[in-house]
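Take a look at the structure below.
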Amino acid sequence: MEFETLAIHAGQAPDPESGAVMTPIYQTSTYKQNGVGKPRQGYEYSRTKNPTRLALENCLAALEGGGFGLAFSSGMAATDTVLRLVDSGTHVVAGNDVYGGTFRLFDKVLRRYGLSFDFVDTTDPENVADALTLQTKLVWIETPTNPLLSITDIRAVADIVHSHASRPLLVVDNTFATPYLQRPLELGADIVVHSTTKYLGGHSDVVGGAVLVKDRELYERLAFLQNAVGAVPGPMDCFLVLRGIKTLPLRMDRHAENAACLLELLDGHAKVRRLMYPFLATNPHAGVARQQMRNGGGMISFVLKGGKESAIRLAEATQLFTLAESLGGVESLIEVPAAMTHLSTSGSQLAVDPGLIRLSVGLENKDDLSKDLEQALNRA
Ligand SMILES: Cc1ncc(COP(=O)(O)O)c(C=O)c1O
């Protein structure tokens with residue numbers, strides 16, 4: 001079946017009890033057993049398995065072209081659980097432009113457990129090759145990255161990683177692209193991670209995460225960790241993400257259409273020093289982006305000539321764009337990464353330009369969005 005059909009139906013048969021078309025919110029922690037150690041339908045306790053969560057996990061697995069999915073209580077919980085695959089003493093290679101919270105987890109938490117990290121510019125796959133050691137067991141990339149929207153060639157990195165003697169796993173955080181735009185498992189990645197809080201949920205009403213894999217043995221190791229660590233989402237949250245996913249293809253097309261309209265305003269604007277978008281002709285990796293992504297998505301970043309002060313004035317001057325963290329919802333958001341989402345990178349090699357603005361372009365009328373951004377730019 002094609003993506004649009006899977007988004008609506010995968011993992012979600014009508015409820016066997018009532019025929020309910022929508023997967024019920026199984027708000028239960030435990031399940032009646034037929035006898036001691038004899039669960040009725042494989043359900044014992046909801047940290048281990050819950051029918052609403054299972055529907056979401058199977059839906060996401062189908063969309064990513066993976067065999068297996070696991071849902072988590074947040075994107076960071078999903079990331080943390082993946083990192084628990086490796087032992088103390090392991091070396092991890094990660095992109096030097098990953099989400100600030102991912103950097104914080106790696107740098108401020110996991111280093112204390114004996115992991116070491118190298119953050120490299122993965123837009124040149126040779127940098128990944130140079131960073132690999134015999135202790136490297138994980139390579140972590142984002143593409144497009146948060147917040148600079150840099151593009152990494154997933155297939156090229158997968159080839160390098162898989163031919164290395166230490167056999168590391170390649171993890172791709174696919175949050176910005178979603179499986180509608182890009183399917184990393186088909187390009188050679190071993191693991192895909194999502195913050196379902198963003199485009200998959202799509203309505204800024206839920207925090208969640210997911211991990212998708214093709215390999216059964218890897219899935220079983222991750223499912224063990226999901227249950228042992230316990231960072232699972234509740235059934236209501238799973239229901240909300242499932243509902244959001246049904247309109248994902250429509251939303252992603254419109255996000256990109258609206259973004260294209262705003263790019264026209266920003267490209268060459270007197271106050272903009274640098275504009276970033278995956279498909280932009282000036283992006284040195286636009287060719288790779290066009291190869292591995294269906295469209296350029298709904299995120300736009302740009303640096304203002306006026307620096308930090310100008311960025312703050314702009315972000316505080318919009319009326320339709322809401323000044324807020326997060327992204328991927330139906331409403332347009334604006335933020336200053338250096339002072340908000342990426343504050344934790346300040347002073348590190350991942351620090352972002354204080355004059356950087358990040359837009360999450362929503363689904364409002366594109367002319368309304370354009371007018372709002374224009375009046376705010378005039379005041380910046
Ligand atoms: C690319 C990316 N990965 C992971 C996360 C973390 O997800 P969550 O906020 O759901 O924990 C975020 C959050 O902004 C993100 O942008």
Side-chain angles (χ1 to χ4, degrees), residues 56 60 64 69-83 92 94-110 119 122 138-152 154 171-179 181-182 184 189 191-212 226 229-234 237-238 240-241 244-245 252 255 276 278 293 297-301 322-329 333-345 350 352 356 358-361:
L56 172 62
L60 284 169
E64 280 289 0
L70 293 162
F72 291 87
S73 55
S74 69
M76 291 319 303
T79 300
D80 182 59
T81 303
V82 169
L83 266 289
V92 178
N96 68 354
D97 177 28
V98 290
Y99 166 58
T102 303
F103 173 71
R104 180 175 53 201
L105 175 69
F106 290 1
D107 191 56
K108 302 282 187 311
V109 180
L110 296 174
F119 297 94
T122 60
L138 270 187
V139 172
W140 187 282
I141 62 172
E142 251 175 51
T143 180
T145 57
N146 180 3
L148 298 181
L149 305 173
S150 311
I151 300 297
T152 291
I154 298 172
V171 189
V172 177
D173 182 333
N174 202 26
T175 299
F176 270 36
T178 82
L181 302 192
Q182 165 177 288
I191 301 178
V192 164
V193 167
H194 278 285
S195 166
T196 57
T197 316
K198 311 294 167 10
Y199 288 107
L200 289 166
H203 296 76
S204 306
D205 52 9
V206 63
V207 171
V211 175
L212 298 312
Q226 181 198 42
V229 178
V232 292
D237 289 355
C238 294
L240 287 171
V241 179
I245 287 172
M252 293 312 291
H255 282 299
M276 287 151 269
M293 293 173 72
M299 299 300 296
I300 298 177
S301 294
T322 303
L323 174 57
E325 301 200 357
S326 202
L327 59 111
L333 304 179
I334 186 165
E335 68 128 354
V336 181
M340 296 170 67
T341 49
H342 290 69
L343 192 58
S344 60
T345 63
L350 273 77
V352 290
L356 181 74
R358 192 190 73 184
L359 301 180
S360 173
V361 182

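Keep in mind the model is a prediction, meaning the values are calculated, not measured. Both ligands and their constituent atoms are indexed starting at 1 by order of listing.
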Is the closest heavy-atom distance from Ala77 to ligand 1 below 4.0 Å? no
Please find the pair of heavy atoms, one from Thr143 and one from Ala177, that lie closest to each other, and give the distance. O-CB, 4.5 Å
Does any N or O of ligand 1 fall below 3.5 Å from an N or O anywhere on Thr197, backbone included? yes
To which protein heavy atom is atom 16 (O) of ligand 1 closest, and what is the distance rounded to 0.1 Å? Asn146 ND2, 2.9 Å
Which atoms of ligand 1 sit under 4.0 Å from any heavy atom of Ser74? 10 (O), 11 (O)
shortest atom 8 (P) of ligand 1-to-protein heavy-atom contact is with Gly75 N, 3.4 Å
What are the two closest non-hydrogen atoms of Leu240 and Asp205, and how far apart are they? CD1-O, 3.8 Å
Among Glu335, His255, Lys198, which residue meets the side-chain contact (heavy atoms from CB on, under 4.5 Å) test with Leu327? Lys198
Correct closest heavy-atom pair for Pro233 and Ala71 would be CD-O, 3.4 Å
For the atom pair CZ (Phe176) and OG (Ser360), what is the distance rounded to the nearest 0.5 Å? 8.0 Å
Looking only at N/O atoms, are Val207 and ligand 1 under 3.5 Å apart anywhere? no
Could you find the nearest protein heavy atom to atom 15 (C) of ligand 1 and give me its residue, atom name and distance? Tyr99 CG, 3.6 Å
Which atoms form the tightest heavy-atom contact between Thr152 and Ile141, and what is the distance? CG2-CD1, 3.8 Å
May I ask you to identify the nearest protein heavy atom to atom 13 (C) of ligand 1, giving residue, atom name and distance to one decimal place in Å? Lys198 NZ, 2.5 Å
Atom 4 (C) of ligand 1: the protein heavy-atom neighbour that sits closest, reported with distance to 0.1 Å: Asp173 OD2, 3.5 Å
Candidate with minimal heavy-atom separation from atom 7 (O) of ligand 1, of Gly208, Ala78, Ser195, Gly328: Ser195
What's the shortest heavy-atom distance between Asp97 and Leu149, and which atoms? OD2-N, 4.3 Å
